[in-house]
Amino acid sequence: MRHWLMKSEPEAFSIDDLERVGTEPWNGVRNYQARNFMRDGMRPGDGVLFYHSNCAVPGVVGVAEVASEAYPDPTQFEQASPYFDPRARPDAPRWMLVDVRFKRKLARTIRLAELRAQPRLEGFALLQRGSRLSVLPVTRGQWDLILALENQPRGLP
DNA sequence: GCCAACGTTGGC
DNA sequence: GCCAACGTTGGC
């Protein structure tokens, strides 16, 4: 089993929203690298760190799992959707997604600042300078380390 | 194939 | 709200 991190802006779709719906098609990803991770890397059952971005306290807030193989993102064909892509055709889809299933909320938010303070997370894709990838791989070691922080009092200022 | 202009992401 | 960093687009 592999591990991943997926970002979402909580004002658009939060961990509480995922808990409410249970399983959600991860639509709207319009970045080739992120698409390729979903299409070529993800398998059902893979672990997902759910990350809140572009908000007051960015950080990891929950655990989810990949709940499907990749399949074409239907919103690319929907003219009324903000994710509509006129270059996409049903027989030649450009964008893929997977379903994501809620597992649990973390006891506390593992803040971005706290992750940055971990020397052992050097090289973690999330922390690369200027990285804006919304779907990215997490090694087993990074996964274990990040989740171990959950039960520590509070990592940083 | 180069690269300037533009739009977007996302931390702060 | 600001702005740095990045990806994409399109003229040439």
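Throughout, a chain's letter reflects where its sequence line sits, starting with A, and its residues are numbered from 1.
Contacts of A/R35 classified as salt bridge (Lys or Arg N to Asp or Glu O under 4.0 Å), with partners at least two apart in sequence or in another chain: none. A/R43 is linked by a salt bridge (Lys or Arg N to Asp or Glu O under 4.0 Å) to nothing, counting only residues two or more places apart in sequence or in another chain.
In this entry the distance linking CD of A/E9 with P of B/dT9 reads 7 Å, nearest Å. Rounded to whole Å, atom P of B/dG10 lies 15 Å from atom CG of A/L115. Between the CD atom of A/Q33 and the C1' atom of B/dT8 there is a distance of 16 Å, given to the nearest Å. Taking atom CZ on A/R129 and atom P on C/dG7, their separation rounds to 12 Å, with Å as the unit. One atom, CG of A/L126, and another, P of C/dA5, lie 17 Å apart when rounded to the nearest Å. Protein atom CG of A/L136 is 16 Å distant from nucleotide atom C1' of C/dG7, rounded to whole Å. One can place CG of A/L127 at 12 Å from C1' of B/dG11, the figure rounded to the nearest angstrom. One interatomic measurement links the two molecules: OH of A/Y83 to P of B/dT8, which rounds to 12 Å at whole-angstrom precision.
For C/dT9, one of the phosphate oxygens OP1 or OP2 lies less than 4.0 angstrom from a side-chain nitrogen or oxygen of A/R87. The shortest distance between the side-chain N/O atoms of A/K7 and the OP1/OP2 oxygens of B/dG10 is below 4.0 Å. Residue A/Y51 has no polar side-chain atom (N or O) positioned under 4.0 Å from OP1 or OP2 of B/dT9.
Between A/M96 and A/E69 there is no side-chain heavy-atom pair separated by less than 4.5 Å.
When all heavy atoms are compared, the tightest approach of A/T23 to A/A67 is CG2-CB, 4.3 Å.
In this structure, A/R30 reaches neither bases nor backbone, as no heavy-atom distance under 4.0 Å exists between it and the strands shown.
Between A/R132 and A/N54, it is A/N54 whose nearest contact on DNA chain C lies nearer the 5' terminus.
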